[in-house]
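One structure is given below, encoded as structure tokens.
Every number for a ligand or one of its atoms is a count from 1 in the order of the listing. All values below come from the heavy atoms of this structure, side chains included, with hydrogens, waters and symmetry mates left out.
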Amino acid sequence: MATIQTHTTQTEATRKYGIVAMPDLTYTPEIAEKTASLYEKVSSVIPAVEWPAFAPYVKAINDLKKERNAVVLAHNYMTPEIFHCVADFMGDSLQLAKEASAADADIIVQCGVHFMAETSKLLNPDKTVLIPDMDAGCSLAESITGSDVRGLRETYPGVPIVTYVNTSAEVKAECDICCTSSNAVQIVESLGVPRVLLIPDEYLAKYVATQTDVEILTWKGHCEVHERFTAEELQQYRESEPGLRIIAHPECPPDVLAEADFTGSTSGMINWVQTNRPPKVLMVTECSMSDNVAIETPGVEFIRPCNLCPHMKRITLPKILDSLVYLKDEVLVDPAIAANARRAVERMVNLTN
Ligand code: 13P
Ligand code: SF4
């Protein structure tokens, strides 16, 4: 039986690239000057009094990226000082997977949760993939195991299994193809069959079922962040905020999505705001995304009953710097499962290219 073996080791990467000295993290006039243009970008969401605590890390990380030939991939849920000040590529899960497969660097630092770093490693078996905190998990990824998927195969013989990217490599290895929230309908329909299992997010599966004639079977996984939103709270916001537009992520429950003017992946939501420029918008998703988009869409007021993802919030500037100095935590995937898991991810990437 294949088992997942994704674990921390400092030895493989440090043997290859060595450890460098920890930079001096004093906030000096020189650091203030060198980071001034970055601060200007985030000044609408980061108070000036907080910048001296961030600036030395921002400067040190950007210097070390060059020295190490490293890139930082950041999910849309990263905080603004990460998203706007040290990331080389930002995006939703699909965009980050594609950037990972095109990355021209020796080292990838994945600022997101573990399944995202694992996906980068699957697509870059020869590169060093680091995650600043190995405990940055995901309630969806934890809701299902490879053995559960084998059970589903026995219960539903012949029904193809599509796995949401928010799963472990062990689960991906048991599935036919991967999908993300931005391409789930396309992937399901590409299989050309009347019935598909789409796991593990029950709500994403229910949303996809409303967009296609394919019958969708699913699992009982939920995102602990999106399942907390309620239709009642959105109705109250609509009443108290005239002209409000509501846009939601498909990991939300169906009655919440029924209140939304638009449903899409994190990048789909960002594009919607940038294109439609509503006077007032409520993004039914993780908190940091509103800050990141607000910086780029002056004139749009963001109403924020957002929920924090505790896993995404484990990623901080000090931990990113530690990653680059000590080359930790390295993400590795057991070769016994990597080939099958990679096939499922590559099948998706090829279909959506
Ligand atoms: P996206 O692929 O839409 O960025 O979603 C990832 C995620 O974890 C949302 O909670
Ligand atoms: Fe997982 Fe939800 Fe956090 Fe996204 S927001 S990483 S789905 S727990």
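For atom 7 (C) of ligand 1, the closest non-hydrogen atom of the protein is E251 OE2, 3.7 Å.
Between E286 and K313 there is a salt bridge, since at least one side-chain N of the basic residue sits less than 4.0 Å from a carboxylate O of the acidic one. We find that D24 and K59 are not joined by a salt bridge, their nearest charged nitrogen and carboxylate oxygen being 4.0 Å or further apart. For the pair R238 and D261, the salt-bridge criterion is met [side-chain N within less than 4.0 Å of a carboxylate O].
In terms of N/O distances under 3.5 Å, ligand 1 is not approached by S267. Inclusion of T180 in the set of residues having an N or O under 3.5 Å from an N or O of ligand 1 is not warranted.
Remark: the Y237 side chain and the E259 side chain contain no N/O donor-acceptor pair separated by less than 3.5 Å. Side-chain contact annotation: Y207 with S181, donor-acceptor N/O pair under 3.5 Å absent.
Using a distance-only test at 3.5 Å, with no hydrogens or angles considered, no donor-acceptor pair links the side chain of N166 to the main chain of A141. Between the side chain of K16 and the backbone N or O of T128 there is no donor-acceptor pair closer than 3.5 Å. No donor-acceptor pair under 3.5 Å is formed between the side chain of K220 and the backbone N or O of E202.
In this structure, N166 has a heavy atom closer than 4.0 Å to ligand 1. The shell of residues lying under 4.0 angstrom from ligand 1, judged by heavy atoms, includes H75.
The atoms of ligand 1 that sit less than 4.0 Å from any heavy atom of Y77 are 9 (C), 10 (O). Close approach of ligand 1 to D92 (heavy-atom distance below 4.0 Å) involves ligand atoms 1 (P), 2 (O), 4 (O). Within ligand 1, the atoms closer than 4.0 Å to a non-hydrogen atom of S93 are 1 (P), 2 (O), 4 (O), 5 (O), 6 (C), numbered from 1 in the order shown. Listed by number with element, the atoms of ligand 1 under 4.0 Å from a non-hydrogen atom of S181 are 1 (P), 2 (O), 3 (O). Within ligand 1, counting atoms from 1 as listed, the ones closer than 4.0 Å to a heavy atom of S265 are 3 (O). Close contacts between ligand 1 and H249 involve ligand atoms 1 (P), 3 (O), 5 (O), 9 (C) [criterion: under 4.0 Å to a heavy atom]. Atoms of ligand 2 lying under 4.0 Å from any heavy atom of Y77, numbered from 1 in the order shown and given with element: 5 (S).
Contacts of E286 with ligand 1, taken as heavy-atom pairs under 4.0 Å, are absent altogether.
In this structure, the side chains of W219 and L152 come closer than 4.5 Å at one or more pairs of heavy atoms. Residues K172 and T119 meet the side-chain proximity criterion, which asks for heavy atoms closer than 4.5 Å.
Under the side chain to side chain contact (heavy atoms under 4.5 Å, CB included) test applied with I247, the options V273, V284, I270, T263 reduce to a single match, V273. Looking at V188, V345, T163, L351 one by one, the single match for side chain to side chain contact (heavy atoms under 4.5 Å, CB included) with I177 turns out to be L351.
Atoms of the protein (N, O or S only) found under 2.8 Å from atom 2 (Fe) of ligand 2 are C223 SG.
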